[in-house]
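Okay, so here's the structure we're looking at.
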Amino acid sequence: MQADSKSTGRSPAAGQNGFSRRSFLRVGGAGIAGLAGLFGAGKAVKSSPAAAQSDGAGPHIAHDGLGMVGQVDHAANQFDPHELLTDFDYGELLEDDGGGQSTRRWRIYAVNKEFEIAPSITFPGWVYGSETSAASLRAGRIVGQCPGPTLRCIEGERLQIEFINASDHPHTIHFHGIHSAMMDGIPGVGRGNVNPGETFVYEFDARPFGCHLYHCHALPLKRHIHKGLYGAFIVDPDPEKQTGEEKETAKTRNHAYAENEAVHEMVMVMNGFDTNFDGDNEVYAVNSIAFAYGMDSPIVINRDELQRIYLVNLTEFDPINSLHIHANFFDYYDHGTTLKPTLKTVDTVMQCQAQRGIVEVSFAGFEPGLYMFHAHQSEFAELGWMGFFDVRA
């Protein structure tokens with residue numbers, strides 16, 4: 001008897017093709033499937049003529065080895081990896097109630113959504129979407145995305161996150177931060193699982209400041225995370241709680257201060273996709289799309305601006321992931337919970353799953369041009385986790 005793809009979470013197309021991590025580099029795409037999410041999942045993904053060609057060396061891998069032939073249809077996905085870099089979702093900020101504490105609110109949905117991760121290769125995901133993400137505001141309806149919206153707030157604010165489960169599986173939201181057991185978002189504790197059609201409000205104070213994350217904690221945990229239920233969660237430091245040099249640094253990390261405008265900030269969520277559900281990833285990426293920032297679509301930056309990268313590892317099935325920047329060195333703030341670097345003048349950093357941190361790098365005085373960045377696990381880079389900064393004067 002054939003297994004029900006809905007109950008197993010398996011993509012029928014991927015299962016029939018039976019791709020392994022190794023064969024991914026030798027055979028074509030896993031087939032095309034229509035997007036199947038709630039709240040405006042969009043049109044079916046279509047491959048371009050170029051994407052349909054393969055010389056047998058891989059699934060449309062470019063001959064220079066630095067990208068893939070063909071293009072992912074970001075319009076069909078309804079989220080774009082370049083937009084995800086800088087789409088900070090601030091929710092709704094309410095006025096101070098007189099007690100000296102502001103409240104920030106979001107409404108977050110869990111939905112089923114199939115999306116394209118590489119030309120002609122789709123993934124049957126479970127994802128989060130919010131009313132206040134750039135994608136949802138543009139579409140005029142809830143758009144699920146992977147990674148989920150980057151939630152950003154300020155240390156000390158009261159946070160209220162209304163979670164609506166619009167999918168067909170039980171889910172939660174577990175925030176990496178400090179909160180009560182009732183708000184932990186794990187099965188059997190507090191509210192526990194939020195079943196399909198149900199709603200729950202997570203409420204806690206934003207602390208500590210830093211670069212954090214949120215994810216579903218329903219069981220089996222590895223499947224719920226791998227399917228796409230995760231996102232970055234940034235708590236900006238309150239400069240008024242600091243003194244001296246650290247107060248000035250905190251201003252550059254707080255989106256409400258003018259000093260922050262002088263820094264170009266980006267969010268990079270490292271992830272991977274097991275397209276045949278065999279426990280190995282066939283595609284690796286930053287912000288979900290293989291080679292999203294490759295030679296044909298690099299990240300354009302001003303060499304005179306400080307670059308700040310909120311780096312989060314949510315790769316399942318691999319113990320570590322990494323970032324290496326070519327021809328330069330950077331400072332690193334582990335977990336982002338300090339205002340002084342925990343590592344100085346390094347060009348590579350490793351993160352285990354759920355580890356995160358802040359990378360600060362400057363190209364001031366550098367020759368304009370393309371500067372590569374990638375995972376320094378070679379296989380990850382060759383399977384999609386590779387990009388370029390286009391440094392301009």
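For the single chain, residues carry numbers from 1 onward in sequence order.
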Between the side chain of [X] and the main-chain N/O of [Y], is any donor-acceptor distance below 3.5 Å?
X: Trp106; Y: Asp89; answer: yes
X: Glu282; Y: Thr275; answer: yes
X: Asp318; Y: Ile320; answer: no

query: Between Tyr90 and Leu93, is there a shared hydrophobic cluster once you connect ILVMFWY residues whose side-chain heavy atoms come closer than 4.5 Å?
result: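 Different hydrophobic clusters.
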State the [atom1]-[atom2] distance between [X] and [Y], to the nearest 0.5 angstrom.
X: Met270; Y: Gln353; atom1: CE; atom2: CD; value: 10.5 Å
X: Asn328; Y: Tyr371; atom1: CG; atom2: OH; value: 8.0 Å
X: Ile142; Y: Ser130; atom1: CD1; atom2: OG; value: 6.5 Å
X: His264; Y: Glu305; atom1: NE2; atom2: CD; value: 6.5 Å
X: Ile164; Y: Thr199; atom1: CD1; atom2: OG1; value: 5.0 Å
X: Phe317; Y: Asp274; atom1: CZ; atom2: CG; value: 5.0 Å

task: With sequence neighbours excluded, tell me which residues meet ring pair (Phe, Tyr, Trp, His ring centres under 6.0 Å) with Tyr202.
output: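 Phe200.
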- request: In sequence, state the C-alpha distance, the side-chain angles, and the governing distance for Arg392 and Val300, and then conclude on side-chain contact (heavy atoms from CB on, under 4.5 Å).
  value: CA-CA 7 Å; Arg392 300 184 181 181; Val300 177; 3.7 Å; yes
task: Give me the ring orientation class for Phe273 and Phe115: parallel if the planes are under 30° apart, tilted from 30 to 60°, perpendicular past 60°.
output: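 Because their plane-to-plane angle is over 60°, the rings of Phe273 and Phe115 count as perpendicular.
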His171 and His169 aromatic ring geometry - parallel, tilted or perpendicular at 30°/60° bounds: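 Taking His171 first and then His169, their aromatic rings sit tilted (interplane angle of 30° to 60°).
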Under a plain distance cut-off of 3.5 Å, with no hydrogens placed, do [Y] and [X] share a side-chain donor-acceptor pair?
X: Asn193; Y: Thr172; value: no
X: Glu259; Y: Thr252; value: no
X: His255; Y: Asp236; value: yes
X: His179; Y: Asp184; value: yes
X: Asn271; Y: Tyr284; value: no
X: Asn254; Y: Asp238; value: no
X: Gln101; Y: Arg158; value: no
X: Tyr310; Y: Glu265; value: yes
X: Tyr332; Y: Gln351; value: yes
X: Ser362; Y: Gln307; value: no

Stepwise side-chain contact (heavy atoms from CB on, under 4.5 Å) test for Thr150 and Ile234: CA-CA 7 Å; Thr150 296; Ile234 298 171; 3.8 Å; yes
message: Counting only heavy atoms not in Met372 (residues, nucleotides, ligands), do more than 12 fall under 6.0 Å from its CE?
response: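 Correct, the count exceeds 12.
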task: Kindly determine whether His224 and His217 satisfy ring pair (Phe, Tyr, Trp, His ring centres under 6.0 Å), including the steps that lead there.
output: CA-CA 7 Å; His224 284 249; His217 217 294; 9.9 Å; no
For the pair [X] and [Y], find out whether any cationic side-chain nitrogen is under 4.0 Å from an anionic carboxylate oxygen.
X: Glu198; Y: Arg191; value: yes
X: Glu316; Y: Lys222; value: no
X: Glu92; Y: Arg104; value: no

task: Check the pair His176 / His212 against ring pair (Phe, Tyr, Trp, His ring centres under 6.0 Å), numbers first and verdict last.
output: CA-CA 6 Å; His176 283 231; His212 305 310; 8.1 Å; no
query: Per the side-chain hydrogen bond (donor to acceptor under 3.5 Å, both in side chains) rule, which among Arg138, His74, Gln145 passes with Glu83?
result: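 Only match with Glu83 under side-chain hydrogen bond (donor to acceptor under 3.5 Å, both in side chains): Arg138.
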Over-ring placement of Arg253 relative to Tyr333, 6.0 Å and 45° cut-offs: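 Yes, a cation-pi geometry holds between Arg253 and Tyr333.
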query: Does NZ or CZ of Arg152 lie under 6.0 Å from the centre of the six-membered ring of Phe88, at an angle within 45° of the ring axis?
result: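 Flagged: Arg152 positioned over aromatic ring of Phe88.
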task: Apply side-chain contact (heavy atoms from CB on, under 4.5 Å) to the pair Arg308 and Ile358, showing each step before the final yes or no.
output: CA-CA 7 Å; Arg308 177 177 293 142; Ile358 296 174; 3.6 Å; yes
task: For side-chain hydrogen bond (donor to acceptor under 3.5 Å, both in side chains), just list the numbers for Gln377 and Ser322, CA-CA rounded to whole Å, side-chain angles, deciding distance to a tenth of an Å, and then say yes or no.
output: CA-CA 7 Å; Gln377 291 95 319; Ser322 62; 2.6 Å; yes
query: Quick one: side-chain hydrogen bond (donor to acceptor under 3.5 Å, both in side chains) partners of Asn165, sequence neighbours excluded?
result: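 By the side-chain hydrogen bond (donor to acceptor under 3.5 Å, both in side chains) rule, Asn165 matches Ser167.
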- request: Begin from the C-alpha positions of Tyr293 and His82 and carry the test ring pair (Phe, Tyr, Trp, His ring centres under 6.0 Å) through to its verdict.
  value: CA-CA 8 Å; Tyr293 313 112; His82 277 272; 4.9 Å; yes
Are any of the side-chain heavy atoms of [X] and [Y] separated by less than 4.5 Å?
X: Glu248; Y: Tyr257; value: no
X: Phe277; Y: His226; value: yes
X: Pro119; Y: Val69; value: no

task: Using the side-chain contact (heavy atoms from CB on, under 4.5 Å) rule, take Tyr230 and Val269 through it: C-alpha gap first, then chi angles, then the decisive distance, then the call.
output: CA-CA 9 Å; Tyr230 49 74; Val269 177; 4.1 Å; yes
task: Before giving the answer on ring pair (Phe, Tyr, Trp, His ring centres under 6.0 Å), spell out for Phe175 and Phe204 the whole-Å C-alpha distance, their side-chain angles and the decisive distance to 0.1 Å.
output: CA-CA 10 Å; Phe175 287 88; Phe204 52 92; 5.2 Å; yes
task: Given side-chain hydrogen bond (donor to acceptor under 3.5 Å, both in side chains), test Asn321 with Thr315 step by step and report yes or no.
output: CA-CA 7 Å; Asn321 207 328; Thr315 312; 2.9 Å; yes
query: Do you know which two heavy atoms are closest between Val312 and Cys211, and how far apart they sit?
result: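 The answer is CG2-SG, 3.8 Å.
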task: Scan Thr132, Leu213, Ile108, Leu159 and name whichever one has a side chain to side chain contact (heavy atoms under 4.5 Å, CB included) with Leu151.
output: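 The passing option is Ile108.
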